[in-house]
Amino acid sequence: MRLPLGFGAAAALLAVMAGAFGSHSLRGTLDARGLEVFQTAVTYQMYHAIALVLVALLALTSISRRLLAGAAVLFGAGIVLFSGSLYLLVLTDLRWIGPLTPLGGLCFMLAWVLIIVAAVRYPSVSEHG
């Protein structure tokens, strides 16, 4: 689970950097809607970067590593597809990239479903008595 931990930490760092870039460099360049979309990308990236770090930590418990690994892959794909497509939409004229955004959102949702399944299906060792 070092890869999800490293990717999560890197994605969090990049979210902080993107947020600073948006605040300081894009204010005069983008309209209010563009700034809002950029901020949405930053926010979702940070939430799911933290989720990746938590998935790596959850691997230290008795929860299924297979389900956690699946969630990690989906969180990573969601960050790239959701936040990445929003960044590209705001910063370029690549309108064809727009359909990737909901795919990224779907990846986020499926990752959370895997976490729920892992939590329900695999109780902690202390619950076994």
Side-chain angles (χ1 to χ4, degrees):
M1 283 289 167
R2 287 183 186 206
L3 191 59
L5 178 62
F7 186 80
L13 171 63
L14 290 172
V16 171
M17 293 168 68
F21 174 71
S23 279
H24 301 291
S25 299
L26 296 179
R27 286 247 182 253
T29 307
L30 297 178
D31 61 10
R33 178 70 180 137
L35 287 171
E36 179 185 344
V37 170
F38 193 89
Q39 184 56 48
T40 298
V42 169
T43 300
Y44 275 75
Q45 181 174 333
M46 182 57 84
Y47 288 158
H48 293 92
I50 293 168
L52 272 168
V53 170
L54 292 175
V55 163
L57 294 175
L58 283 171
L60 300 173
T61 70
S62 63
I63 293 175
S64 169
R65 287 178 67 97
R66 194 184 82 215
L67 290 172
L68 292 174
V73 167
L74 288 165
F75 281 137
I79 289 170
V80 170
L81 293 171
F82 184 88
S83 293
S85 65
L86 290 180
Y87 292 136
L88 286 172
L89 280 169
V90 169
L91 298 174
T92 70
D93 286 328
L94 301 175
R95 295 290 164 218
W96 61 267
I97 204 105
L100 295 180
T101 307
L103 290 176
L106 180 62
C107 288
F108 288 150
M109 289 182 261
L110 291 173
W112 288 114
V113 167
L114 288 181
I115 301 268
I116 292 166
V117 170
V120 171
R121 255 182 101 186
Y122 299 95
S124 70
V125 173
S126 64
E127 291 175 9
H128 289 294

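As the structure is a computational prediction, the values presented were derived from the model and not from experiment.
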Worksheet item: Is a side-chain N or O of Thr101 found less than 3.5 angstrom from the main chain of Gly98, in a donor-acceptor match?
Response: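 Side chain of Thr101 to backbone of Gly98: a pair is present.
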Fill in: Side-chain H-bond candidate by donor/acceptor type, Gln39 with Thr43, under 3.5 Å
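Yes, because at least one side-chain N or O of Gln39 sits under 3.5 Å from a partner of the opposite role on Thr43.
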Fill in: Parallel, tilted or perpendicular: ring planes of Tyr44 versus Phe82, cut at 30 and 60 degrees
tilted
So do the side chains of [X] and [Y] get within less than 4.5 Å of each other, counting heavy atoms only?
| X | Y | result |
| --- | --- | --- |
| Leu52 | Ile79 | yes |
| Val113 | Leu74 | no |
| Ile115 | Leu68 | yes |
| Val90 | Leu30 | yes |

I'd like to know if [Y] and [X] are part of one continuous hydrophobic network [Ile/Leu/Val/Met/Phe/Trp/Tyr, side-chain heavy atoms within less than 4.5 Å].
| X | Y | result |
| --- | --- | --- |
| Leu13 | Phe7 | no |
| Leu94 | Val80 | yes |
| Met17 | Met46 | no |

Practice prompt. Give me the other members of the hydrophobic cluster that Val73 sits in, counting Ile, Leu, Val, Met, Phe, Trp and Tyr linked by side-chain heavy atoms under 4.5 Å, directly or via other members.
Written response: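 Hydrophobic cluster check, Val73: no partners found.
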Response to the item:
residues 86-101 vs salt bridge (charged side-chain N to carboxylate O under 4.0 Å, His left out), sequence neighbours excluded, gives none
Discussion item. Filter on ring-ring contact (aromatic ring centres under 6.0 Å, His included), then keep only pairs touching residues 18-39, sequence neighbours left out; what's left?
Written reply: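 Qualifying pairs, neighbours excluded: Phe38-Tyr87.
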Item to complete: Find the distance between OG (Ser83) and CG (Leu100) and round it off to the nearest 0.5 Å.
Response: 12.5 Å
